[in-house]
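Each chain gets a letter, A, B and so on, in the order its sequence line appears, and its residues count up from 1.
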Number of protein chains: 2
Amino acid sequence: MLHPYSKHDQHYVALDVIIFGFDREKLRLLLIERDFHPEKGKWSLMGGFLGKDENPDQAAARVLEELTGLTGIYLEQLAVYGDVNRDTAGRVISITYYALINSENFNNSYHSEYKGTWFVINQVPELIFDHNIMVDKALRRLRRRCRTQPVGLELLPEKFTLPQLLRLYEAIYQQEFDKRNFRKKILSFGVLKKLEEKDKEGSRKGAFLYQFEKEKYAEMIEKGVQFEI
Amino acid sequence: MLHPYSKHDQHYVALDVIIFGFDREKLRLLLIERDFHPEKGKWSLMGGFLGKDENPDQAAARVLEELTGLTGIYLEQLAVYGDVNRDTAGRVISITYYALINSENFNNSYHSEYKGTWFVINQVPELIFDHNIMVDKALRRLRRRCRTQPVGLELLPEKFTLPQLLRLYEAIYQQEFDKRNFRKKILSFGVLKKLEEKDKEGSRKGAFLYQFEKEKYAEMIEKGVQFEI
DNA sequence: GCAAAAGTGTTGAACTTACACCCATGT
DNA sequence: ACATGGGTGTAAGTTCAACACTTTTGC
């Protein structure tokens, strides 16, 4: 018996991952130089093809690991790009994901067959195909997520200071915030635990370290609280 | 020469459309009884397969038209569902869209080869595969959209009254709003034009009709205004 | 002792929420 | 004349935005 779907077309399905990182100063994007034709040598997002035995989420995690060696990273599906001629080499449907990694976890000692380069978010070069559009959309989504979920914390080390967190938000939104109002707001959510330790890297005085309290956050989500910044 | 992508797998790509409608009273969802195996006879979203010469957006519009006969409808891409075993008949990657149609435009005189049935949004039956999950996600997205964009207007006739609009928002959010505060908020955006006519359907007194002013809305978006309800 | 970043409170403005009565009309 | 849904304003509470000085420490 003929398979019920066999009269339909099949397509290549790709994953492209928009990888954001933060280095205590600037929000950055990890790009690679494409190593195969077409468009070989041009800047590109890290991508790969969906295999027949993997879910898109798994495939995106695989692609991310191939470039960075990192696992267990925050990944969120963004959108599908499927214009007939978006890829000059053939019909490819691309599912995009964005990833948030903190730069302390990403050390350049990991040698993948690809070499990634970090670009400051407002100095992203011209990318192949529709990848610039994907990056713009990812940034808008990241900003939205940060308004309602403590997703920014993915970009910081486990222990961080409030000035660091402030700089992260300023990097994401590309605008300055009043530090007093910011502290009030962030601490009012009650999901950050102040530690006794100080971080002395950034100043002579040193800034207290904080930690994200996952359990309290889970409770609040349970109750339906919103985290508007 | 071998095609650069030829070593990768290909997949069936489907579109599933979550069709919302409003009939001046309740928010409804348009479903069909699946007419082919597997799962023949069960309730399902309207769907179809992506052809090799069409964009996903076009394909979603085609699928919607096949069921309703309507064109030029608001359609927004939602997400991709691609778990290996989500479709019991084979590997299918499904791109979901949601559509907003107003019930006056949809008259049942259109006879497609499919027959759609409207379900009140909180009485949706069990659907095939992961379609219930898709519907939940669509509803959450619709609620979010309505907060920041006058998308609810897609669900109403061109001329509508404020009590109608209020009932629409109450149907979408499944909660009651204070009519005085609602009017203030909605009118404060300055994108509704009050007409001289009244609609006498809903009451003896009659309610003034309003119209959405697309140009003013475009101006405000230009300036970056948000439409928080 | 001074430079550099961390930390801390208050006030006015804007917005949100709660709430109750009169109006116009068809029957 | 009455029943039905349409239309309107205000006051209290809450949240947001603006703003400047003191503290700690390494050099």
*asked:* Assess, by modelled atom type and distance only, whether the side chains of D57(A) and Y97(A) contain a donor and an acceptor separated by less than 3.5 Å.
replied: yes
*asked:* Distance check, rounded to the nearest 0.5 Å: I18(B) atom CD1 versus L75(B) atom CG?
replied: 10.0 Å
*Should the ring pair F212(B) and Y217(B) be called parallel, tilted or perpendicular, given that the plane angle runs from 0 to 90° and is split at 30 and 60?*
tilted
*dG6(D) P sits how many Å from L209(B) CG, rounded?*
12 Å
*Does R183(B) make a side-chain N or O approach to OP1 or OP2 of dT8(D) shorter than 4.0 Å?*
yes
*Q164(A) CD - dA5(C) P separation (whole Å)*: 14 Å
_Atom pair distance, as rounded to whole Å: CZ in F160(B) and P in dG6(D)_ = 15 Å
*Rounded to the Å, how far apart are L166(A) CG and dT8(C) P?*
14 Å
*Look at the side chain of K185(A) and decide which nucleotide, out of dT16(C), dA6(C), dC16(D), has an atom nearest to it.*
dC16(D)
*asked:* Counting distance alone, no hydrogens or angles: does the base of dA24(C) have a donor or acceptor under 3.5 Å from a partner atom on the side chain of K205(B)?
replied: no
*Hey, are E76(B) and R145(B) close enough for a salt bridge, meaning a charged N less than 4.0 Å from a carboxylate O?*
yes
*Is any side-chain N or O of K184(A) under 3.5 Å from a base N or O of dT10(C), one able to act as donor and the other as acceptor?*
yes
*Atom CG of D199(A) and atom P of dG26(D): how far apart are they, to the nearest Å?*
13 Å
*How do F208(B) and D178(A) order along DNA chain D: which one's closest nucleotide is nearer the 5' end?*
F208(B)
*Contact nearer the 5' end of DNA chain D, comparing R204(B) with T161(B)*: R204(B)
*Please report, rounded to the nearest Å, how far the C1' atom of dA18(D) is from the CZ atom of F182(A).*
17 Å
*Any ion pair linking K42(B) and E39(B) (charged N to carboxylate O, less than 4.0 Å)?*
yes
*Is the shortest side-chain N/O distance from K179(A) to OP1 or OP2 of dA6(C) below 4.0 Å?*
no
_OP1 or OP2 of dC19(D) under 4.0 Å from side-chain N/O of R180(A)_ = no
*Quickly work out the K198(A) NZ to dT24(D) P distance and round it to whole Å.*
8 Å
*For the pair made of CG in N181(A) and P in dA13(C), what is the distance, rounded to whole Å?*
17 Å
